[in-house]
Amino acid sequence: VEVSYEPNKFDVLCDTVSSSLMMLDNAVHEFLDLKDELLKHTLPSQLLLQLTLISAKMFRSYSDLCVPVGELSRLVKLHSAHLEEAMEPMKRLQELYAQKQNQLSIALRRMEMMAMEEERMAHERRLNGWLKLFMAVMSTKSHGRRWKFRIEPLKAKIKQGCVLHHHLPPLP
């Protein structure tokens, strides 16, 4: 079985943060060098004071940022392996969930189709029952044209519990 190496996305993220922090470090040092060079020239004192204050705030912010970002990168590198291991069962669980959800939707569609088929068959059984009743009433045994007079006795027999036919539904 071949094992393909996929770089840890957390390592890539930590490397990106480290390189960005180094670029910021270079830019801050270049700015501080520029400030030092400007302080050597005779510029208005207000401008020099403003430049010194702004560069001090920027350097302090940068210094405050370096330690937590370094610690954060170290902790991410330390715990990322455990997180990757913990994510594997979660991925398998998600795949299993998607598979079960698909099976459930298929079963639900089958049940809906079966319910519609059962409803159609029940309707056909009712129609067949009425058709058999009509045929019994219209047959020669029921005196031909006098079938209208046979309906009331049939209703009475049905109310008494006499079964005319096994599939014959009750009359309303």
Side-chain angles (χ1 to χ4, degrees), residues 1-28 61-172:
V1 176
E2 270 186 51
V3 177
S4 64
Y5 177 72
E6 179 183 320
N8 187 341
K9 58 186 167 192
F10 296 108
D11 288 341
V12 173
L13 183 65
C14 288
D15 291 344
T16 304
V17 168
S18 295
S19 66
S20 298
L21 200 57
M22 288 189 335
M23 287 173 37
L24 179 63
D25 183 58
N26 289 339
V28 166
S61 298
Y62 165 72
S63 297
D64 290 345
L65 180 70
C66 283
V67 174
V69 167
E71 181 65 14
L72 195 60
S73 291
R74 185 187 72 77
L75 289 173
V76 166
K77 284 181 182 180
L78 179 69
H79 296 294
S80 66
H82 302 295
L83 185 61
E84 286 291 325
E85 290 172 6
M87 287 176 67
E88 285 302 317
M90 290 298 291
K91 287 178 185 176
R92 280 187 262 129
L93 196 62
Q94 283 179 338
E95 290 170 2
L96 185 62
Y97 174 75
Q99 185 181 26
K100 295 297 180 186
Q101 191 174 16
N102 187 27
Q103 289 175 349
L104 187 62
S105 69
I106 290 171
L108 187 60
R109 278 183 277 169
R110 280 186 178 169
M111 286 180 62
E112 288 173 349
M113 288 178 11
M114 287 172 58
M116 290 184 343
E117 182 66 20
E118 177 61 31
E119 188 176 312
R120 184 188 63 77
M121 289 173 58
H123 180 69
E124 284 182 13
R125 282 193 301 269
R126 284 192 303 270
L127 284 178
N128 284 340
W130 285 107
L131 180 63
K132 287 177 185 176
L133 176 65
F134 180 75
M135 295 302 279
V137 170
M138 293 301 290
S139 72
T140 56
K141 295 179 188 173
S142 62
H143 307 291
R145 287 180 273 174
R146 295 185 37 184
W147 64 271
K148 292 180 189 175
F149 303 110
R150 300 274 300 148
I151 291 178
E152 289 304 320
L154 281 173
K155 282 183 182 180
K157 282 183 182 178
I158 289 173
K159 284 182 183 176
Q160 291 173 0
C162 240
V163 178
L164 298 176
H165 192 272
H166 291 283
H167 298 286
L168 188 64
L171 291 173

Nearest-0.5 Å distance that lies between atom CZ in R109 and atom CG in L104: 10.5 Å
For Y62 against L24, the heavy-atom pair lying closest together: CD1-CD2, 3.7 Å
For R92, salt bridge (Lys or Arg N to Asp or Glu O under 4.0 Å) partners two or more places apart: none
Spacing of CD1 belonging to I106 relative to CD belonging to Q101, to within rounding of 0.5 Å: 11.5 Å
4.5 Å side-chain heavy-atom contact, E119 and M116: no
Student check: side-chain heavy atoms of V17 and V76 closer than 4.5 Å: no
Salt bridge flag under 4.0 Å for residues R125 and E118: yes
Atom pair OG (S105) and CZ (R110), whose distance is rounded to the nearest 0.5 Å: 11.0 Å
Spacing of S18 atom OG and D25 atom CG [to the nearest 0.5 Å]: 12.0 Å
Spacing of CG belonging to L21 relative to SG belonging to C14, to within rounding of 0.5 Å: 12.0 Å
Separation between CG of D15 and OG of S73, rounded to the nearest 0.5 Å: 9.0 Å
Stepwise side chain to side chain contact (heavy atoms under 4.5 Å, CB included) check, Q103 with K100: CA-CA 5 Å; Q103 289 175 349; K100 295 297 180 186; 3.6 Å; yes
Side-chain ion pair, E124 and R120, N-O less than 4.0 Å: yes
